[in-house]
Q: 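Questions regarding the structure given below will be posed in turn.
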Amino acid sequence: MKISDLMKMGLRNLGRRKARTALTVVGIVIGTISIVVMISIGIGMNQNFRENLMQYGSFTVIDMEKNQVSIDDKGNYSEKKQKLDDKLIAKLRQIPHVKTVSPVMTFSAKLKSGNYENNTVIYAMDADSFEALEFPKLKNNKTYKKSTNKAKIKLWVGADSFQGFYNPNSSTFQPKSVDPLKDRVVLNINDEDVIPRDENGNIKIQLKDYNTELAVFDTEGYGEYSFRVFMDMGQFLDMYKDFIKQLPADKRKTAEKKLKEYEGIKINADSVENVQDIQDAIKEMGYKSSSMSDFTQQIENFSKTIQMVLGGVGAISMLVAAISIANTMIMSIYERTKEIGVMKVLGCQIVDIKKLFLFEAAMMGLIGGVIGITCSYGASYLLNTFGGALGSALNMMGGGDEGAGGSLSVIPLWLPLLASGFAILIGIISGYYPASRATKISAIEAMKNE
């Protein structure tokens, strides 16, 4: 029997009992919708978790801090002081798959704009590492290149860090927001640990004001950078050494000690897959480190569990649909016993009879799968539009941001393809027993059947 003849006969047979075929297809539709939507919710939840975490840093960045805090599996808190210096940085650069290593220093500074000022903390790092560490894009076509103008200190800033400027000479505290893209800003070092003061609290030295060149982060999706201010390590060291020269001898020694060790080190791996290997190498050196991967592993395990539970709920619906297909095909055999006998008498091969019934079962699975996938996109749209409360609940369960604005249901391209293939497979499996039974019917007995 030609394949085209087999397909025509199968489709004609499905059309004979339209109501029964439609009800069976509805079962497949419901099962497909359940699987696709349930898994898409799990995928959407995992994606939201990762997007929330991305606001606090890249997944390829590893952090080392002078005071490294860690919590073990039992919830015990521990803190370890680590010596972070140039010798360690040189060793870290030798670790395989390390792309970039940058020291981190922080210092207190005062930003001034006209009569207004604001105290802030500035992070000094190697500016050449900013792009490798996946810092956000900059506004107004600014770049991460170091400044060649020694008369100006180049700062990379989050716009939110320029809110809350105040006038120290005003009797009322009226905060002002400074626009880093337009307003002129100067800074001076405001290190209270070493700045000498008299008995009245007045500063005994003249702090030098430095003009600044500002580059502003585009912080959409990068919450970590909204309130931070960065500068190049080289410019910081030059500026701080000038500051030290102004200090009296007793304060100068304290300030110089701060330059001997770093407060942190940032390491960028060449890929997410190598982050754990680098952290293991750091651990073998006797140091502790942390990365976003430490948090994502736990969250992804939780997300996988949720996806399995949700997928299991959908699989139950598909199991019911499979039973429905098997029942439909068995009933079809009883009704078409004489037809099967005629096919055998006319010389139709047993394998063709089996193919006919398997084709009919597969077609019901395919039709139901296609309709189910189409409806799944509609259900996904409704969930993303009106399922805000459910999305917040799932984000809270997984430790995400309750106000996250991501999609609750995400259907990647592979999911509908997998679902349609699964629906066809269910149809074939469900129809295999009825098809085998049809081939075993005796032609003589079938011809006697009324």
Side-chain angles (χ1 to χ4, degrees), residues 50-66 84 89 92-93 95 97-109 111 118 120-149 152-163 178-182 185 187 210 212-239 262-275 278-279 289-296 401:
R50 293 181 70 88
E51 288 177 356
N52 289 335
L53 289 175
M54 275 294 289
Q55 295 187 33
Y56 302 98
S58 168
F59 290 107
T60 58
V61 175
I62 301 169
D63 289 298
M64 297 180 67
E65 297 179 3
K66 187 174 183 179
L84 309 181
I89 288 178
L92 293 172
R93 287 182 173 140
I95 298 176
H97 304 295
V98 168
K99 186 177 178 182
T100 305
V101 180
S102 173
V104 181
M105 294 285 286
T106 60
F107 67 98
S108 298
L111 301 175
N118 187 20
T120 188
V121 174
I122 296 181
Y123 293 77
M125 295 176 60
D126 184 358
D128 292 334
S129 69
F130 287 167
E131 288 188 272
L133 291 169
E134 300 181 24
F135 275 36
K137 293 181 179 180
L138 299 169
K139 297 181 178 180
N140 285 13
N141 297 318
K142 294 286 186 176
T143 69
Y144 283 109
K145 290 183 179 180
K146 297 179 183 179
S147 174
T148 56
N149 186 353
K152 285 188 176 183
I153 299 296
K154 188 170 184 178
L155 300 178
W156 292 269
V157 305
D160 291 338
S161 62
F162 279 69
Q163 297 177 359
V178 172
D179 187 348
L181 293 173
K182 299 178 181 178
V185 176
L187 76 81
Y210 294 86
T212 63
E213 176 188 348
L214 303 179
V216 183
F217 296 127
D218 183 355
T219 55
E220 184 178 356
Y222 292 83
E224 177 190 16
Y225 298 91
S226 296
F227 293 91
R228 292 201 176 183
V229 180
F230 293 85
M231 72 176 296
D232 177 59
M233 180 65 74
Q235 277 202 320
F236 162 70
L237 292 175
D238 292 341
M239 182 178 66
Y262 300 116
E263 294 173 39
I265 296 176
K266 281 189 177 290
I267 305 159
N268 189 35
D270 56 10
S271 69
V272 176
E273 289 76 15
N274 295 320
V275 168
I278 295 173
Q279 286 190 266
S289 62
S290 62
S291 68
M292 296 308 299
S293 297
D294 298 336
F295 304 100
T296 56
D401 182 4

Q: May I ask you to test the V216-N140 pair for a side-chain heavy-atom distance under 4.5 Å?
A: no

Q: Ignoring hydrogens and geometry, is there a side-chain-to-backbone donor-acceptor pair from N268 to A132 under 3.5 Å?
A: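 Yes.
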
Q: Is the backbone of A269 close enough, under 3.5 Å, to the side chain of N274 for a donor and an acceptor to pair up by distance?
A: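 Not at all, since once roles are kept as given, no pair shorter than 3.5 Å links the two residues.
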
Q: Quick check on side-chain contact (heavy atoms from CB on, under 4.5 Å): which of V98, T60, L92 does I278 satisfy it with?
A: V98

Q: Could I get the full list of side chain to side chain donor-acceptor pair (under 3.5 Å) partners for K266, not counting sequence neighbours?
A: D63

Q: Mind checking whether F130 and W156 have ring centres under 6.0 Å apart?
A: yes

Q: Look up atom OG1 in T100 and atom CZ in R93, then write down how far apart they are to the nearest 0.5 Å.
A: 9.0 Å

Q: Can you tell me how far CD1 of I122 sits from OG1 of T106, rounded to the nearest 0.5 angstrom?
A: 10.5 Å

Q: Would the number of heavy atoms belonging to other residues, nucleotides or ligands and lying under 6.0 Å from CD of E131 be above 12?
A: no

Q: Do the side chain of K154 and the main chain of Q235 share a donor and acceptor less than 3.5 angstrom apart?
A: no

Q: How close do L155 and L187 get, counting heavy atoms only, and between which atoms?
A: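 That would be CD1-CD2, 3.6 Å.
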
Q: Is it the case that atom NZ in K152 sees more than 12 heavy atoms from other parts of the structure closer than 6.0 Å?
A: no

Q: So, for S102 and L133, which heavy atoms are closest and what is the spacing to 0.1 Å?
A: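 Here S102 and L133 meet closest at CB-CD1, 4.5 Å.
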
Q: Determine, step by step, whether Q279 and I62 satisfy the side chain to side chain contact (heavy atoms under 4.5 Å, CB included) criterion, reporting the C-alpha distance in whole Å, the side-chain angles of both residues, the deciding distance to 0.1 Å, and the verdict.
A: CA-CA 8 Å; Q279 286 190 266; I62 301 169; 3.9 Å; yes

Q: Check whether any side-chain heavy atom of K142 lies under 4.5 Å from a side-chain heavy atom of E213, and answer yes or no.
A: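 Side-chain contact under 4.5 Å: yes.
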
Q: Between Y262, F236, F135, which is the residue that forms a side-chain contact (heavy atoms from CB on, under 4.5 Å) with M125?
A: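 Looking at Y262, F236, F135, the match for M125 under the side-chain contact (heavy atoms from CB on, under 4.5 Å) is F135.
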
